[in-house]
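Each chain gets a letter, A, B and so on, in the order the sequences are listed, and its residues count up from 1.
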2 protein chains.
Amino acid sequence: MRKPTLHDVARAAGVSYATADRVLNARGGVAAKSEARVRAAIEALGYTRDVHAANLSRRRLYRFRFLLPDGDHSFFRALRAAVLAEAGARAGDRVRITLSEVPAFDAEALAEALERVEPEACDGLAIVASGSARVSAAIASLRAGGVAVVTLVSDAPGAARDAYVGIDNLVAGRTAGRLMRLGHTGRSGLVLPVVGARAAQDHAERLAGLEQSLAGAPGLALLPVAEAFDSPSRMRALVGAALAREPGISGIYSMGAGNRGLVEALRALGRPRPLVVLHELVPHAREALEAGLVDAVIDQKPVQEVAAALDILRALADGRPAPAGRARITPAIYLPENLPACPAGEEEDNDMMGGAA
Amino acid sequence: MRKPTLHDVARAAGVSYATADRVLNARGGVAAKSEARVRAAIEALGYTRDVHAANLSRRRLYRFRFLLPDGDHSFFRALRAAVLAEAGARAGDRVRITLSEVPAFDAEALAEALERVEPEACDGLAIVASGSARVSAAIASLRAGGVAVVTLVSDAPGAARDAYVGIDNLVAGRTAGRLMRLGHTGRSGLVLPVVGARAAQDHAERLAGLEQSLAGAPGLALLPVAEAFDSPSRMRALVGAALAREPGISGIYSMGAGNRGLVEALRALGRPRPLVVLHELVPHAREALEAGLVDAVIDQKPVQEVAAALDILRALADGRPAPAGRARITPAIYLPENLPACPAGEEEDNDMMGGAA
DNA sequence: CAGGAAATGATTGACGTCTGTCAAAACTGC
DNA sequence: GCAGTTTTGACAGACGTCAATCATTTCCTG
């Protein structure tokens, strides 16, 4: 009841090991009749190649590279931590991950970094994309050089990448809208939407989702969009002013970063606060949720995104099709009650002596 | 820039390969001084054992067995499907999974099945536990025989299993309570709690969570608990009657199965329906959510649970400690907007850490 | 310093696959 | 039946680790 080996297949097919191997690895030079026999034997025995042995023999090393935005935004910090954690966890898996930081929101810098990547020394690449013609060209050139390219968190509009791993921001926006509607059951309200930048594509999509959802709720009106540029201080000023100007605000949906300022403004508010929905379960958001200053956080699960990106890169590097459905991350909704046990950016203890991965 | 091998470690430590191997695999008979040198070299080189080569050499085969409730409850069907899917996905990973069904909610039958398991032919076991002394004894005996035992979805109260993989049902209940409160912002209400069976521990915990959460909401009152015994027809009758008797019902939290009946009762209702929260994103629940007959579904992510159970079983079989945090699943909240793309059964990943394959 | 125990080194054959080489065998066309 | 091509078989050396043997060297004890 042992797992069948290629030797078993060869014997069952009545051919030599070499021939079975030629079929399995498509080396060519095999008569159609023999090939059919081998394939039948593979089928009959339920043979699967032992990937461990194969990779061992091939001395395959997967060299992946992540180009992530620098800066101290909690979300990107969490993303980088997730990459490092996965790098540790997969060290035993013939996967070598290099993490470099590029200036955030800077398409030119990203393009430069992409152009510096040597296709011979890299099997796969994951980037948080900013769209630009030069970026698209760099991606195309890398792909032509045999490098798998995956966009993470934010997609490059025109670029022909292998896959986009991240949430559907339209869905995220609609989800926020649904939470708003839920919190306004039986009453009308006024919702303040706050983006990081109107120009950011993901924020625009979230906003569109929100609008779509609220279009189905007659009692809910939307205020003009506020732009906080992901800065806590601007956010604080902006939200403070809006709350003072419009006492009827019953909901705030913040689509970007800088929510520390939003929480401060809420804390300073003398009356019952509006319903608040944020993005990304970073430490501050978590605290605000636990403190009851925020109602819900929509999270794109960076750890899961990194894992999915790596699985896809690995599949592509092996010449397999990317695992279906792995790329599309469904945004998680966190309420104060269902927070995951450990703060974002969990540490994984990678044992060096331990056995299997 | 090659990955260091144990040979490299031995050379760096100034000992022979055999000695390095003795340290690595704790074979004993190594002087403390040499051991320290080897460990230092491991540290310095960042050596990690090549798990593929190791398992290849060991010709290790992980034989895991799942004992899951039979019957046609959608949830268990999804759970079984998840096991089969993982079995396929890990076939190349030296993991052989056997799935057997045992009569649902029958501690005696489970105990019998457990007693039939031969410890020599099984490295790990995952069961949906029903608590009983005989079950506990069988688990203890298996563990004594070197079999790792994990409870899945439902824990065995008194039993000394290696781990419980599943959600915290108290948390799930509190989460439902939060959704109820969110949907009752600015108004009072009357909530009908429905369990499968009052005796079921997980349902009792969910109910306790709900009560805890609603205790903090002055305007929300709880009706006496209804018991539907996981049967659609009973559920339909019971909820229909309650809705007729108590026109003021503004929320329903169903903690068990049989929700098809609940949805039918709602569909038959002539007036605006109450806020409805269910458990488990099975096909019916999904449809009801999409049709707007249900507001939220709390899901325990069976696919993720199975993956976590396997990771833990594997770690235990290797003699490693079970990966921390992997066992506790955070319940997911699904609204009509953030449903995963694929019907239940597809790959969905975990929150905490990436599993290397 | 002998005798014995402990520690170490050297070596070997798996494990299942990959990749290459070389020669033998089976075909093809004429 | 011959030369030329295609197909096949046999074999060997990796890959990194495991597990075992056997011969040495070093250390401790009396």
Side-chain angles (χ1 to χ4, degrees), chain A residues 2-39 41-42 45-62 91-96 318-319 351-357, chain B residues 2-39 41-42 45-62 91-96 317-319:
Chain A
R2 206 174 80 276
K3 201 183 157 199
T5 76
L6 195 49
H7 272 109
D8 301 327
V9 170
R11 199 169 332 111
V15 300
S16 72
Y17 178 88
T19 299
D21 173 71
R22 283 188 261 256
V23 172
L24 187 66
N25 294 330
R27 288 186 218 287
V30 177
K33 202 182 63 176
S34 302
E35 173 160 353
R37 297 242 305 271
V38 171
R39 294 214 180 280
I42 287 178
L45 297 186
Y47 168 80
T48 27
R49 152 203 264 128
D50 185 321
V51 198
H52 297 353
N55 279 345
L56 176 60
S57 162
R58 268 193 250 252
R59 103 196 66 170
R60 183 94 166 81
L61 182 66
Y62 301 90
D93 242 10
R94 321 193 84 74
V95 171
R96 178 175 324 281
D318 282 342
D351 46 314
M352 20 188 49
M353 318 305 265
Chain B
R2 204 175 81 276
K3 199 183 158 200
T5 75
L6 194 48
H7 273 109
D8 300 328
V9 170
R11 201 171 328 114
V15 300
S16 71
Y17 178 88
T19 300
D21 172 70
R22 283 190 261 256
V23 172
L24 187 66
N25 293 332
R27 289 186 217 285
V30 177
K33 202 181 64 178
S34 302
E35 173 162 353
R37 296 244 303 274
V38 171
R39 294 213 181 279
I42 287 177
L45 297 186
Y47 168 78
T48 20
R49 153 203 264 132
D50 186 317
V51 198
H52 298 352
N55 278 344
L56 176 60
S57 165
R58 266 192 254 250
R59 102 197 68 172
R60 183 102 169 75
L61 182 66
Y62 301 89
D93 243 10
R94 321 191 86 74
V95 172
R96 179 177 319 282
D318 283 341

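- For the pair L24(A) and V38(A), the minimum side-chain heavy-atom distance is 4.5 Å or more.
- For the side-chain contact (heavy atoms from CB on, under 4.5 Å) test, residues two or more places apart in sequence or in another chain that qualify with Y17(B) are L6(B), H7(B), D21(B).
- The salt bridge (charged side-chain N to carboxylate O under 4.0 Å, His left out) check on R58(A) picks up nothing, with sequence neighbours excluded.
- In plain terms, the two heavy atoms of T19(B) and S34(B) that are nearest each other are CG2-CB, 4.5 Å.
- Residues that satisfy the side-chain contact (heavy atoms from CB on, under 4.5 Å) test with A18(A), not counting sequence neighbours, are S16(A), R22(A).
- Nearest heavy atom pair, residue A20(A) against residue A10(A), reads CB-CB, 3.9 Å.
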- Verify side chain to side chain contact (heavy atoms under 4.5 Å, CB included) between T48(B) and K3(B), making sure each step is shown before the conclusion. CA-CA 8 Å; T48(B) 20; K3(B) 199 183 158 200; 3.8 Å; yes
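- T5(B) OG1 to R49(B) CZ: the interatomic distance, rounded to the nearest 0.5 Å, is 13.0 Å.
- Here A53(B) pairs with L56(A), D50(B) under the side-chain contact (heavy atoms from CB on, under 4.5 Å) rule; sequence neighbours left out.
- Residues from residues 27-37 of chain A lying near DNA chain C, meaning a heavy-atom separation below 4.0 Å, are R27(A) in numerical order.
- Every residue two or more places apart in sequence or in another chain was checked for a side-chain contact (heavy atoms from CB on, under 4.5 Å) with A36(A), and none qualifies.
- Taking every nucleotide of DNA chain C with any atom under 4.0 Å from a non-hydrogen atom of chain B, the first and last of them, 5' to 3', are dA7(C) to dG16(C).
- Heavy atoms of N55(A) sit nowhere under 4.0 angstrom from any nucleic acid atom.
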Atom pairs, N/O to N/O, protein against nucleotides 9-16 of chain D, distance under 3.5 Å?
| residue | atom | partner | partner atom | Å |
| --- | --- | --- | --- | --- |
| dG9(D) | OP2 | S16(A) | N | 2.7 |
| dG9(D) | OP2 | S16(A) | OG | 3.1 |
| dG9(D) | OP2 | T19(A) | OG1 | 2.9 |
| dG9(D) | N7 | R22(A) | NH2 | 2.8 |
| dC15(D) | O2 | S57(A) | N | 3.2 |
| dG16(D) | N2 | A53(B) | O | 3.3 |

